[in-house]
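Everything below concerns the one structure shown next.
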Amino acid sequence: MADLISKIKTMEPGPQTIFVEGWVRTKRDSKTVTFIEVNDGSCLKGLQVVADRSSIDNNLLNSISTGCSVICEGKLVASIGGDQKVELSATDIKLVGECPDDYPLQKKRHTLEYLREIGHLRARTNTIGAVERVRSTMAYAVHRFFQENGFFYVNTPLITASDAEGAGQMFQVTTLDLENVPKTEDGKVDYSKDFFGKRTSLTVSGQLEGETYATALKNIYTFGPTFRAENSNTKRHLAEFWMIEPEMSFCTLEGDMKVAEDFLKYVFKYVLDNCQEDMDFFSKFVEPGVKDTLVHVVESPFAHMTYTDAVKELEKASDKFDFKPFWGCDLQTEHERFLTEEVAKRPVIVTDYPKEIKAFYMKLNEDGKTVRAMDVLAPRLGEIIGGSEREYRLDILKARMAELGLNEKDYWWYLELRKYGSVPHSGFGLGFERAVQYVTGMQNIRDVIPYPRASKQADF
RNA sequence: UCCCCGAUAGCUCAGUCGGUAGAGCAGGUGGCUGUUAACCACCCUGUCGGCAGUUCGAGUCUGUCUCGGGGAGCCA
């Protein structure tokens, strides 16, 4: 019945009756009129509803307070006041749901830490509301980019029996009675009695399954939840997060990097074009200048360097680091930030890492020492994308697995992709929340997902 | 998991040398006002995170637990 406030604010004043539904953010009384700011979440700034105290029931107006839900009826008029073009001159107001004065959201600014304690209400704040609008827009942009570029959306399984994916600690999935676990004769847990007849866990990555569909549909992407049981307590880790993993057949690392760059730029530009009010808000109150940074990223090419060259750069500035860089070391957070913030001053793609610090499935280079891996490092965040060209040569892949002590039987179907019609292919993984963090400037990943799941935290 | 910091009114915080609790906002009352986090005056609000200890006396010192934040590791 009622239009969204985001639409109403773009309409011209007119004689027709319109309705506004939403929640009261603040109310101010004047001598003859009452101002009610109504927000319905469709945009950052709400609509000012003006109620003439001589024509609207004063008892009703007095009972309206911050947090109430209301339906207002009236005409859109040009606003006399300064901050808005139009406002609703109310002819009738219905109080739908009252809001007692112990409402946890005051008109004043709250800390994000406090808002995390009221996860069921925090979406009604400017900041979290803006984050969720941007998050939704970004999710839409992700699908648009891939759908417009010949990728198919594949849903890889959330429950997996492959306990050897190696990307992190896994959450076990079971229907066994934990008070009375069935045991085999030699005293181990008898998983044949479990729901799936074997030990299962929540997925830590859809990549391996994604590869199988890429070798059939050519270009695919996944976009779904991922679970890691790491006991890591940081502002950029979650136990449950959303990951985007494209996989392209007949594609080398060069193509992979191009897709990664085009993809990030597309999503960023889409947000800049479609979330202007929210981006202005982030740029003003959350991370000064974040909007200009995004514009800069969209307009300039990403920097490129090999791991070997990156280490040379780091060695030049060795004094600045707690952890001294050397060829073969894993890049520390401080190193990644130096490369992207000081050396490149923009996103940088680092390639060709030592095989020892990367996963078994990455394609071995001619030198026998490095693999065709690439990490996209972004200022402020560090690694935002990790990807690689996959090893498609069966003999070399088997040799790598043997080096690392991996059991071929656990990967039999993955290896068969290399046996039957193998093809060079590449892909990458993007942590969706980290991308939302990057775009919004939000410091803590727990504030860019509606209900964060982390160690000792599964409220709401 | 390791290191550092923190927990005081509904919210944001101050609290000196160990001496018995304070400001702004919110709420209430009145005033003023086409207001924009409105403004002015007055009023109300506390298991000082939990448990133990030192002390005549603990918000303050010690131990411990819980929760939160920052950093590290791991990664996306």
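Proteins come first, then strands; the chains are lettered A, B, ... in the order of their sequence lines, and each starts at number 1.
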Listed nucleotide nearest any side-chain atom of A:Q332, set B:G34, B:U12, B:G73: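 Nucleotide nearest to A:Q332's side chain: B:G73.
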Using a distance-only test with no angle check, is there a side-chain donor-acceptor pair under 3.5 angstrom linking A:N365 and A:T370?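 Checked: A:N365/A:T370 side chains pair up, N/O donor to acceptor below 3.5 Å.
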Can you tell me if A:E245 and A:S205 form a side-chain donor-acceptor pair at under 3.5 Å?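 Looking only at side-chain atoms, A:S205 and A:E245 do form a donor-acceptor pair, the distance falling under 3.5 Å.
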N/O (side chain, A:R446) to phosphate O (OP1/OP2, B:G69) under 4.0 Å: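 Answer is yes, contact under 4.0 Å.
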N or O in side chain of A:R28 less than 4.0 angstrom from B:A38 OP1/OP2: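 Checking B:A38 against A:R28, a side-chain N or O does come within under 4.0 Å of OP1 or OP2.
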Record whether the side chain of A:H237 comes under 3.5 Å of the base of B:C75 through a donor-acceptor pair of N or O atoms.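 Side chain to base: pair present.
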In the strands shown, is [N] matched to any nucleotide by a Watson-Crick or G-U wobble pair with both distances under 3.5 Å, and which?
N: B:C39; answer: B:G31
N: B:U1; answer: B:A72
N: B:U66; answer: B:A7
N: B:A14; answer: none

Aromatic ring centroids of A:F432 and A:F223 under 6.0 Å?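 Between A:F223 and A:F432, which both carry aromatic rings, the centre distance is below 6.0 Å.
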Please state the [atom1] separation for the pair [N] and [M] - nearest whole angstrom.
N: B:C5; M: B:G18; atom1: C1'; value: 23 Å
N: B:G27; M: B:C11; atom1: P; value: 15 Å
N: B:G50; M: B:U55; atom1: P; value: 22 Å
N: B:G69; M: B:C43; atom1: P; value: 38 Å
N: B:U8; M: B:A38; atom1: C1'; value: 30 Å
N: B:U47; M: B:G34; atom1: C1'; value: 47 Å

Counting heavy atoms not belonging to A:Y114, are there more than 12 under 6.0 Å from its OH?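 Atom OH in A:Y114 is crowded, with more than 12 foreign heavy atoms closer than 6.0 Å.
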Taking all non-hydrogen atoms of both residues, which atom of A:A214 and which atom of A:S249 are closest, and how far apart?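 In this case the closest contact between A:A214 and A:S249 is O-OG, 2.7 Å.
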Reckon A:R236 touches a base, only the sugar-phosphate, or nothing at all at heavy-atom distances under 4.0 Å?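 Base contact - A:R236 has a heavy atom under 4.0 Å of at least one base atom.
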